[in-house]
Amino acid sequence: MRIATWNINSITARLPRLLAWLESSGTDVVCLQELKCSAEAFPAEALRELGYEAAVHGTGRWNGVAVLSRVGLSEVVTGLPGGPTFDGLQEPRAVAATCGGVRVWSVYVPNGREVGHPHFAYKLAWLEALRKAAEPGAAGALPFAVLGDYNVAPTDDDVWDISLFDGATHVTAAEREALSALRELGLADVVPRPLKYDRPFTYWDYRELGFPKNKGMRIDLVYGNAPFTAAVRDSYVDREERKGKGASDHAPVIVDLDV
DNA sequence: ATGCCTGCCAACGGCAGA
């Protein structure tokens, strides 16, 4: 089974690329983030024509997540159980489904904006709620993984130049401890291979030639339980999808599983 | 060449992203 996670930064703007990539990449299950699309406006029919069912959680302009699968889709959960609110709203940042015998969560962790901003506290609370929600799956006998845009770089090597991140979000001890708490549940970071250069970045800012200069970050992560990681045959960043006009600022992370 | 932000709407400016 080929499974992937991809922050597509608007499924509406990215639909031609998404459809072409689904056809060319042979992906069975893909976790999408930043749909920027309501569930009503989701292009379900175009995806169905390619053989994919969809579990969608989206409300419109911001956020939005989905799981697409051509190997079955059941036991859908929309929203993070026990998740915090921001400005009084439960944002659409998580959706789960069982696909071909693998339980997956597609998550879009809050950005945090700035250390000390209410959004930063929201981010940490959201990650704590994720830890609680992931606990049964992490300990379960079925392959289980939380895939998505975590908006946290796990180590200093996961940003192009750590000296530029002093005081910034995405690299703080508090955020990294939240990832560590997930690993303590029995989830392991499935680190992908880079297809070029030495580090498997998954995001490059649109501005200032971020991609050509490889000023990237690894913030799109796959955290899998033991049955999941035991089945991993290969994993890599599909950087080809970051190239050219009309690309998302994130590249897909691919995981090949022997299931 | 991988190329100097992008997408969205309360839209012709501002917000969010990281």
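As the structure is a computational prediction, the values presented were derived from the model and not from experiment. Below, chains carry the letters A, B, ... as their sequence lines are ordered, and counting in each starts from 1.
- In this structure, Leu209(A) atom CG and dT2(B) atom C1' are separated by 9 Å, rounded to whole Å.
- At a threshold of 4.0 angstrom between heavy atoms, the contacts of Glu240(A) with the nucleic acid are absent.
- Dashed line: the shortest gap from a side-chain N or O of His119(A) to OP1 or OP2 of dA18(B) is not under 4.0 Å.
- Between the side chains of Asp238(A) and Trp6(A), no donor N or O sits under 3.5 Å from an acceptor N or O.
- Between Asp158(A) and Arg176(A) there is no salt bridge, since none of the side-chain N atoms of the basic residue sits less than 4.0 Å from a carboxylate O of the acidic one.
- The nucleotide dT2(B) finds no pairing partner, because no Watson-Crick or G-U wobble arrangement with both distances shorter than 3.5 Å includes it.
- In this structure, of dG17(B), dT2(B), dA18(B), it is dG17(B) that holds the atom nearest to the side chain of Arg113(A).
- Spacing between atom CD of Gln33(A) and atom P of dG17(B) amounts to 14 Å, rounded to whole angstrom units.
- Look at Asp28(A) and Arg2(A) and you find no salt bridge, because none of the NZ, NE, NH1 or NH2 atoms lies under 4.0 Å from a carboxylate O.
- Across dA10(B) and dC5(B), the matching C1' atoms stand 23 Å from one another, rounded to whole Å.
- Taking the C1' atoms as reference points, dG7(B) lies 15 Å from dA18(B), given to the whole Å.
- Counting non-hydrogen atoms under 4.0 angstrom, Asp220(A) reaches nothing in the nucleic acid.
- Using a 3.5 Å distance cut-off with no hydrogens or angles, the side chains of Thr98(A) and Arg103(A) do pair a donor with an acceptor.
- Within the 4.0 angstrom heavy-atom criterion, base atoms lie near Asn111(A).
- With P as the reference atom, dT6(B) and dA11(B) are 23 Å apart, rounded to whole Å.
- As rounded to whole Å, 9 Å separates atom P of dA18(B) from atom NZ of Lys123(A).
- In this structure, Phe120(A) places its CZ atom 16 Å from C1' of dG17(B), rounding to the nearest Å.
- Rounded to a whole Å, the OH atom of Tyr203(A) is 12 Å from the P atom of dC5(B).
- We find that Arg207(A) and Asp249(A) are not joined by a salt bridge, their nearest charged nitrogen and carboxylate oxygen being 4.0 Å or further apart.
- Taking atom CG of Asp205(A) as the reference point, atom C1' of dG17(B) lies 8 Å away to the nearest angstrom.
- Taking atom NZ of Lys215(A) as the reference point, atom C1' of dT2(B) lies 15 Å away to the nearest angstrom.
- Going from atom CD of Glu241(A) over to atom P of dT2(B) covers 13 Å, rounded to whole Å.
- At a threshold of 4.0 angstrom between heavy atoms, the contacts of Asn63(A) with the nucleic acid are absent.
- Heavy-atom distances to DNA chain B give each of Phe165(A) and Lys213(A) a nearest nucleotide, and the one nearer the 5′ end belongs to Lys213(A).
- In terms of position on DNA chain B, the residue among Ile219(A) and Gly244(A) whose nearest nucleotide sits closer to the 5' end is Gly244(A).
- Note: His119(A) and Tyr122(A) meet the aromatic proximity criterion, with ring centroids under 6.0 Å apart.
- Between Trp160(A) and Phe165(A), the angle of the ring planes goes over 60°, which puts this pair in the perpendicular group of the 30/60° scheme.
- The side chain of Tyr197(A) lies closest to dT2(B), out of dA18(B), dT2(B), dA16(B).
- Across all strands shown, dC15(B) is found opposite dG7(B) as a Watson-Crick or G-U wobble partner, with both distances under 3.5 Å.
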*For every nucleotide of nucleotides 6-15 of chain B, 5' to 3': is a protein heavy atom under 4.0 Å from its base (B), only from its sugar-phosphate (S), or from neither (-)?*
SBBS----BB

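- In this model, a donor atom of one side chain and an acceptor atom of the other lie less than 3.5 Å apart for Gln33(A) and Thr5(A).
- Nucleotides dG14(B) and dG3(B) place their C1' atoms 27 Å apart, quoted to the nearest Å.
- Taking atom C1' on both nucleotides, dC4(B) is separated from dC8(B) by 22 Å, rounded to a whole Å.
- A salt bridge is defined here as a Lys NZ or Arg NE, NH1 or NH2 lying under 4.0 Å from an Asp or Glu carboxylate O, and Glu135(A) with Lys132(A) fails to meet this definition.
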